[in-house]
Amino acid sequence: MHGIGRSVSGIASQGSALRLPSKGRPCVASRSALVTPSGMPLTKTSPIIMDGQVLHSISEERLELCRGLHDYMRDEVNPILKPVEKCWQPTDFLPASEDPDFLDKVHDLRQRSTCLPDDYLVVFAGDMITEEALPTYMTMLNTLDGVRDETGAAKTAWGIWTRAWTAEENRHGDIMNKYMYLTGRMNMRAVEVTIQNLIGSGMDPKTENNPYLGFIYTSFQERATKISHGNTARHALEHGDDILAKICGSIASDEARHEQAYQKIVDKLFELDPDGSMVAFGDMMKKQIVMPAHLMDDNVHKANTGRNLFADFSAVAERTGTYTAFDYADIMDHLIKRWHIADLSVGAGDAAASQEYVLKLPNRIRKLAERANARKDKGKKSNFSWVFGREVLLNTV
């Protein structure tokens, strides 16, 4: 998963289930009154509020719809995962420690990495820290009602997906960390402190334990990750480290498969419940996609610079073209086309309002991004502990 994007949050903001009626605001139980296919009113239960956040907002009818997707997950989504024997492993890209010429190969790796500039290292470090906080993301998936792994080893299609997805993702932070350790270019203790802090802090994507919201979030987030790792691959190749380019490209390829899986889940939700899915899409876009590493902290950045570490990391990523507000808008355009939002037939009320809002949002984000870019303090720099306190340019001169 991806950790960049504060620039955006500062700018905008075959299952057996029944097809649900297209009325009201269906995905949030406290905001809509549902009707059964027979026309019988349903009892509406208020959600739980904790620390100002809505919890368990999905209605019982939509919860049953999600539970009814087991066969669809098993037959259409889980096959996107690769068998372990066909997956790359971190050691495929690293000098084999048992080889007699191991130290010579490490020397070659270190020589090759000298071409990487500090701004690249900062972005790579931020992405690596985000990937290493994987326990948080598995926890997040297991907060979603109706689809969580109830036992930790459940044989349901949902449980199998969550564990196998996590296992595939685990290779990402592993290879990134090992490679950077061998280069000697990065202050690994500062990185490790940031990772521990981030896992300890967790994340709040504002998905309300609601699988509709959760899978819209992951559909967006995995595409953002693919874009970022794809760009770090391209930049590594431009700087002269072809092995690192292959590493980042392999990670991006994994993220592309994961993106397709999560978007296929939402494909089915839109097919079975267009109104509820449309309201959920609009809800997540109004909240904005909170990036998973927004709580990163190295214990020194704020004290040394007076600024937020994640904001500064995101600024470097934006300046280097690794991930920008324009990418955020492009992802929205992709999802709008993928889920046929412009042609979606929804009922009046919240669903129609959400549809109108979502369709207008990408261009609005682009305009706000252009204005924000014009207002940036050009030439501002910041020190990063990850590169031994060296200054890195935040905004283009």
Side-chain angles (χ1 to χ4, degrees), residues 1-13 49-55 121-144 166 169-170 172-173 176-177 180 186-210 213-214 216-218 220-222 224-225 227-229 255 284-318 322-325 327-328 382-387 392 394:
M1 301 183 83
H2 190 293
I4 305 170
R6 188 179 180 90
S7 57
V8 174
S9 65
I11 290 171
S13 136
I49 308 295
M50 179 181 293
D51 296 330
Q53 295 292 321
V54 178
L55 305 179
L121 294 174
V122 165
V123 174
F124 189 93
D127 280 358
M128 174 175 64
I129 289 161
T130 304
E131 294 285 356
E132 290 279 47
L134 182 62
T136 297
Y137 316 140
M138 187 179 191
T139 299
M140 176 263 181
L141 287 177
N142 280 328
T143 68
L144 301 179
T166 303
E169 288 277 338
N170 187 62
H172 301 170
M176 296 171 81
N177 195 312
M180 275 299 138
M186 202 173 283
N187 182 345
M188 294 307 296
R189 193 177 197 285
V191 168
E192 290 159 357
V193 167
T194 312
I195 292 168
Q196 185 171 351
N197 279 332
L198 181 57
I199 295 173
S201 296
M203 65 177 288
D204 178 16
K206 297 179 172 58
T207 50
E208 304 177 7
N209 309 101
N210 187 326
L213 301 178
I216 288 170
Y217 177 88
T218 53
F220 191 108
Q221 189 60 52
E222 294 285 38
T225 310
I227 291 169
S228 179
H229 286 302
E255 304 295 3
M284 286 309 301
M285 293 303 101
K286 289 174 183 176
K287 294 173 180 175
Q288 302 163 20
I289 300 298
V290 178
M291 298 302 164
H294 67 285
L295 297 177
M296 63 167 52
D297 180 14
D298 64 353
N299 288 348
V300 298
H301 193 85
K302 183 73 172 180
N304 291 344
T305 68
R307 292 189 297 274
N308 178 275
L309 175 59
F310 181 76
D312 282 355
F313 152 59
S314 297
V316 179
E318 177 110 18
T322 307
Y323 185 79
T324 72
D327 291 316
Y328 188 105
S382 184
N383 304 88
F384 286 87
S385 65
W386 307 334
V387 289
V392 175
L394 299 181

Check: M140 main-chain N/O paired with T143 side-chain donor or acceptor under 3.5 Å: yes
Under 3.5 Å: donor-acceptor pair, side chain of K206, backbone of M284: no
Spatial distance of atom CG (L198) from atom OG1 (T130) [nearest 0.5 Å]: 6.5 Å
Gap separating the CD1 atom of I216 from the CD atom of Q221, nearest 0.5 angstrom: 14.0 Å
Check: W386 and M188 side chains under 4.5 Å, non-hydrogen atoms: no
4.5 Å side-chain heavy-atom contact, V193 and Q196: no
Expected output: side-chain T207 to main-chain N210 donor-acceptor under 3.5 Å: no
Stepwise side chain to side chain donor-acceptor pair (under 3.5 Å) test for D127 and S228: CA-CA 8 Å; D127 280 358; S228 179; 2.9 Å; yes
Student check: side-chain heavy atoms of R307 and L394 closer than 4.5 Å: yes
From OG1 (T324) to CG (D327), nearest 0.5 Å: 3.5 Å
Ring center gap for F384 and F313 short of 6.0 angstrom: no
Main-chain N/O of N383 paired with H301 side-chain donor or acceptor, under 3.5 Å: yes
Candidate pair H172 and E132, rule side chain to side chain donor-acceptor pair (under 3.5 Å), full reasoning: CA-CA 8 Å; H172 301 170; E132 290 279 47; over 6 Å; no
Between CE on residue M180 and CE on residue M128, distance to nearest 0.5 Å: 7.0 Å
Under 3.5 Å side-chain donor-acceptor pair for D297 and T194: no
Contacts of S385 that satisfy side-chain hydrogen bond (donor to acceptor under 3.5 Å, both in side chains) - sequence neighbours left out: D298
Any donor-acceptor pair under 3.5 Å from Y137 side chain to E169 backbone: no
Check: I49 and L55 side chains under 4.5 Å, non-hydrogen atoms: no
